Amino acid sequence: MAYYRLAMLHHPDKSNEPNAQERFNEIGAAYRSILELPDGAEHEPHQPFHDPVDHTPPPFNEAFPTWAHKLQAYLHRIPERFDRWLMPSFSSTIYEHLKVGELAEALGVLEEMRMEGEQPSHAVYEMLIRGCAIAMRRPTPGRPADHLTINLIGKVLELWGDMLAIGRKPDYMTYIELLRALGKGGRVKDAMLVFEQMCGNHRLLPEQRAFDSMYELCVLSGHYKEALQVFEEQEEMRKSLWKPRYTPVSFSLLLTAAAERGPDVATRLHTLPRILELMQSHGIIPRPQTCERLLDSCIAAGELELGRRILALAPDAKIKIKPSLLAAVAEVSALGENDAATKAISPP
């Protein structure tokens, strides 16, 4: 508990002290020393993720309307509301600590709760997993997570294991919080595994919240190919009665996944026409800055036809493309025409 309290107090993102980074590193080194870990070790290997859900295929899949999800979310929060109305309980105390960012204190109350012989509900575990995710620091693409984030991921998996051990069955919202925590901690492969398990169970079929969470965790960690795999899964589901909806957030993240510069951008750009077609059917037009970024990627990859399609959006959206980009398109087009003419007049 002391480690979590000190690490979050001196975290470079939360502390204005000039030596915050140095203190943060010292705290991590001391924690590793107490655990008798080697100086270069980040964490002990965690147990593989275990899915408690019965994957026996149901006789049929039902498509639940929007009001069913809203009702489920409301009923899910009823115990929390009762805790606030009645006398303070362990659950309400944990909630109050998490509300003001006191994760270490909330985890301490959980230990007291266990010592008193009271079993936490799955809502308590869900709140604590969310609190751990909020306290994490998302690693930049290609960089490892800091020691606090690594230990918080370990705490999330520990909470998940405890929840299963006492027979608390995680519901849909608990899975969403687990996805967000794994994504923010840089565990994209584990998040993809959890998402696949959700797709294979009729009780946990993903809707827009789950898909947006997956797009966000993939794109912000630089896993653009995985984001497009999630897009393919959503497209397949939309062919059934389920039909998970797209949101403006979905399209914004998908555009980044399809056109962000990178070694495989030419392959990813092939998904862009389908995304633009879906956006048009939903009445959503990319912003001017987004159009310019998409056009720049198309020019770099030599995708002239796709670049012209993006330029066709400009009049409808009243977008003014930078003259430099228009000149680049004209230059690449001229080079392409010259190459075609040369091939036509050259002898076989």
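Predicted, not measured: the structure shown is a model, and the values here were computed from it.
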Atom [atom1] of [X] and atom [atom2] of [Y]: how far apart are they, to the nearest 0.5 Å?
{"X": "S121", "Y": "R168", "atom1": "OG", "atom2": "CZ", "result": "6.5 Å"}
{"X": "L205", "Y": "M237", "atom1": "CG", "atom2": "CE", "result": "5.0 Å"}
{"X": "R187", "Y": "M192", "atom1": "CZ", "atom2": "CE", "result": "15.0 Å"}
{"X": "D212", "Y": "L253", "atom1": "CG", "atom2": "CG", "result": "7.0 Å"}
{"X": "L178", "Y": "E126", "atom1": "CG", "atom2": "CD", "result": "11.0 Å"}
{"X": "M214", "Y": "E226", "atom1": "CE", "atom2": "CD", "result": "9.0 Å"}

Looking only at non-hydrogen atoms, find the nearest pair between [X] and [Y] and report the distance.
{"X": "L152", "Y": "C132", "value": "CD1-O, 3.7 Å"}
{"X": "E303", "Y": "A266", "value": "OE2-O, 4.4 Å"}
{"X": "Y3", "Y": "G28", "value": "CE1-CA, 4.5 Å"}
{"X": "L276", "Y": "P286", "value": "CD2-CG, 4.3 Å"}
{"X": "P244", "Y": "R238", "value": "O-NH1, 3.0 Å"}
{"X": "A145", "Y": "G185", "value": "CB-O, 4.2 Å"}

With a 4.5 Å cut-off on side-chain heavy-atom distances among I, L, V, M, F, W and Y, is there a chain of contacts connecting [X] to [Y]?
{"X": "I176", "Y": "W160", "answer": "yes"}
{"X": "L228", "Y": "L306", "answer": "yes"}
{"X": "L182", "Y": "L159", "answer": "yes"}
{"X": "L148", "Y": "L9", "answer": "no"}
{"X": "I134", "Y": "L217", "answer": "no"}

Heavy-atom side-chain proximity of [X] to [Y] below 4.5 angstrom:
{"X": "E96", "Y": "E102", "value": "no"}
{"X": "S221", "Y": "T140", "value": "no"}
{"X": "E233", "Y": "C199", "value": "yes"}
{"X": "Y125", "Y": "V156", "value": "no"}
{"X": "V249", "Y": "Y215", "value": "no"}
{"X": "Q21", "Y": "N25", "value": "yes"}

**Q.** side-chain contact (heavy atoms from CB on, under 4.5 Å) between M163 and H122, worked out
**A.** CA-CA 7 Å; M163 179 171 51; H122 77 275; 4.1 Å; yes
Tell me whether [X] contacts the main-chain N or O of [Y] through its side chain, where contact means a donor paired with an acceptor under 3.5 Å.
{"X": "T93", "Y": "S89", "value": "yes"}
{"X": "K184", "Y": "R138", "value": "no"}
{"X": "E105", "Y": "M1", "value": "no"}
{"X": "R268", "Y": "K225", "value": "no"}
{"X": "N19", "Y": "E22", "value": "no"}
{"X": "W242", "Y": "P206", "value": "yes"}
{"X": "D171", "Y": "T174", "value": "yes"}

Q: In sequence, state the C-alpha distance, the side-chain angles, and the governing distance for Y172 and E207, and then conclude on side chain to side chain donor-acceptor pair (under 3.5 Å).
A: CA-CA 10 Å; Y172 180 80; E207 37 82 67; 2.5 Å; yes
**Q.** Cationic N near anionic O, under 4.0 Å, E216 to R180
**A.**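 Between R180 and E216 there is no salt bridge, as every charged N stays at least 4.0 Å from the carboxylate O atoms.
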(Q) Could you walk me through whether Y4 and N151 satisfy the side-chain contact (heavy atoms from CB on, under 4.5 Å) test, starting with their C-alpha distance in whole Å, then the side-chain angles of each, then the deciding distance to 0.1 Å, before giving a yes or no? (A) CA-CA 9 Å; Y4 287 120; N151 281 283; 4.2 Å; yes
Among all residues two or more places apart in sequence or in another chain, which pass the ring pair (Phe, Tyr, Trp, His ring centres under 6.0 Å) test with [X]?
{"X": "H11", "value": "F24"}
{"X": "F211", "value": "F195"}
{"X": "H97", "value": "none"}

Enumerate, atom names and distances included, each donor-acceptor pair closer than 3.5 Å involving a side-chain atom of residues 255-263, sequence neighbours excluded.
| residue | atom | partner | partner atom | Å |
| --- | --- | --- | --- | --- |
| T256 | OG1 | S252 | O | 3.3 |
| R261 | NH2 | D296 | OD2 | 2.8 |

(Q) Does L294 form a side-chain contact (heavy atoms from CB on, under 4.5 Å) with T290? I'd like the steps, not just the answer. (A) CA-CA 6 Å; L294 295 175; T290 304; 4.2 Å; yes
Do any side-chain atoms of residues 108-116 form donor-acceptor pairs under 3.5 angstrom with protein atoms, and if so which ones, sequence neighbours left out?
| residue | atom | partner | partner atom | Å |
| --- | --- | --- | --- | --- |
| E111 | OE2 | R114 | NH1 | 2.9 |
| R114 | NH2 | D162 | OD2 | 2.6 |

Q: Evaluate the ring planes of F251 and Y246, with Trp represented by its six-membered ring, and classify them as parallel (under 30°), tilted (30 to 60°) or perpendicular (over 60°).
A: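 F251 vs Y246 ring planes: parallel.
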Q. side-chain contact (heavy atoms from CB on, under 4.5 Å) between K243 and Q234: does it pass, once the steps are laid out?
A. CA-CA 8 Å; K243 297 189 183 301; Q234 186 167 3; over 6 Å; no
Q. Got a sec, which residues hit side-chain contact (heavy atoms from CB on, under 4.5 Å) with L98, two or more places apart in sequence or on another chain?
A.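 Listed in chain order: I94, L103, A106, M127, L128.
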